[in-house]
Enquirer: 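Here it is, the structure, as structure tokens.
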There are 2 protein chains.
Amino acid sequence: MRGMLTFQILWELGKEPLNGQQIADRIAERRGTKPTPGTIYPALKDLEERGLIQGEKSGRQKVYTLTDAGKKGLNDSAKYFHQAFGDIAEECRIIVLKTGGCD
Amino acid sequence: MRGMLTFQILWELGKEPLNGQQIADRIAERRGTKPTPGTIYPALKDLEERGLIQGEKSGRQKVYTLTDAGKKGLNDSAKYFHQAFGDIAEECRIIVLKTGGCD
DNA sequence: TATCATGTATTGGATATCCGATACATTTAA
DNA sequence: TTAAATGTATCGGATATCCAATACATGATA
């Protein structure tokens, strides 16, 4: 689904400033697989060009933060996520609690 | 993100048997935009070939249901969804309740 | 019966996501 | 000082997702 990678990047940056690999690590913690540089950096570049995030070079690192536009975008995305998946998430939580089947 | 369309199709079919357009309508209710036939039918075909769903022709309709393998797949996917997005969903819910910003 | 509506199915093209490989830069450790 | 580690960045190719257009089939309505 389009927009999920973007949403996840914004989400993690909504928590704290991070560099590219830290973002990838965070996503890996959730998904079980780590996005490769070929995935992360073009996406970060795109978000930067769209003005949603900004990167500050610091030695070999580039630490990214949300811009104000990025915060707004994240907020809107959060609402969309809730609308689209809120009930699914709740039911998945229950499924996990029950460690049971799905019927 | 890969797998979301598949997951959403399985999710809706986990509720009840549906035809292609009904599935698309359900997804539209969540996302605000309805997947086109070019999106839905190849995906359904793929799921059928993978043995996760089966379609029963009935006049001009083809009603799809989950196979046992499909139910297992959905169950696994639900657990994955919870792992990857459970806390995000909870926080998005709170954001919507507060109708506030994200900081 | 003809027309319209609804549903399935495919195709071509676009695009977001993704990987692996490669290159470069900076920092850290030996 | 050299080697290793870490981080950024790009590229080419693959693939899931997606759209619009087209075609066909069936059912409902006029």
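Below, chain A is the first sequence line, B the second, and so on; all start at residue 1. The structure displayed is predicted, hence computed values, not measured ones.
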Enquirer: Going from CD1 on Ile88(B) to CD on Gln8(A), what distance comes out if it is rounded to the nearest 0.5 angstrom?
Expert: 5.5 Å
Enquirer: If you measure from CD on Glu12(B) to CZ on Arg30(B), what distance do you get to the nearest 0.5 Å?
Expert: 4.5 Å
Enquirer: Whole-Å distance between dA5(D) P and Gln21(A) CD?
Expert: 16 Å
Enquirer: To the nearest Å, give me how far apart NZ (Lys57(A)) and C1' (dT6(D)) are.
Expert: 13 Å
Enquirer: Supply the atom-to-atom distance Lys71(A) NZ to Leu74(A) CG, rounded to the nearest 0.5 angstrom.
Expert: 10.5 Å
Enquirer: How far does SG of Cys92(A) sit from CG of Asn75(B), to the nearest 0.5 angstrom?
Expert: 9.5 Å
Enquirer: Short question: side chain of Gln22(A), backbone of Asn19(A) - any donor-acceptor pair under 3.5 Å?
Expert: yes
Enquirer: To the nearest 10 degrees, how far apart in direction are the end axes of the helix from dT1(C)-dA30(D) to dA30(C)-dT1(D), each fit to five base pairs?
Expert: 20°
Enquirer: Is the gap between the ring centers of Phe85(B) and Phe85(A) under 6.0 Å?
Expert: no
Enquirer: With sequence neighbours excluded, what pairs up with Glu48(B) under the salt bridge (charged side-chain N to carboxylate O under 4.0 Å, His left out) test?
Expert: Lys62(B)
Enquirer: Under 4.5 Å between side-chain heavy atoms, hopping through other hydrophobics if needed: is there a path connecting Tyr41(A) to Ile27(A)?
Expert: yes
Enquirer: Could you tell me from which nucleotide to which nucleotide of DNA chain C, 5' to 3', there is an atom under 4.0 Å from chain B heavy atoms?
Expert: dA5(C) to dC18(C)
Enquirer: Mind running a 4.0 Å heavy-atom check of residues 46-54 of chain B against DNA chain D and sending the residues that fall below it, in number order?
Expert: none
Enquirer: Not counting sequence neighbours, which residues clear salt bridge (charged side-chain N to carboxylate O under 4.0 Å, His left out) with Arg93(B)? List them please.
Expert: Glu90(B)
Enquirer: Checking side chain to side chain contact (heavy atoms under 4.5 Å, CB included) against Leu66(A), which of Leu10(A), Leu52(A), Leu47(A) comes through?
Expert: Leu10(A)
Enquirer: Identify whether the distance between the nearest side-chain nitrogen and carboxylate oxygen of Asp68(A) and Lys72(A) falls below 4.0 Å.
Expert: no
Enquirer: Would you say that His82(A) contacts Ile95(B) through its side chain, given a criterion of any heavy-atom pair below 4.5 Å between the two side chains?
Expert: no
Enquirer: Just how far, in rounded Å, is C1' of dA9(D) from CD1 of Ile40(A)?
Expert: 13 Å
Enquirer: Of Asp25(B) and Lys45(B), whose nearest nucleotide on DNA chain C comes first from the 5' end?
Expert: Asp25(B)
Enquirer: Between protein and nucleotides 18-27 of chain D, map the contacts as a letter string: B base, S sugar-phosphate only, - none, heavy atoms under 4.0 Å, written 5' to 3'.
Expert: BBB-----BB
Enquirer: Going by heavy atoms in the side chains, are Gln21(A) and Lys34(A) under 4.5 Å from each other?
Expert: yes
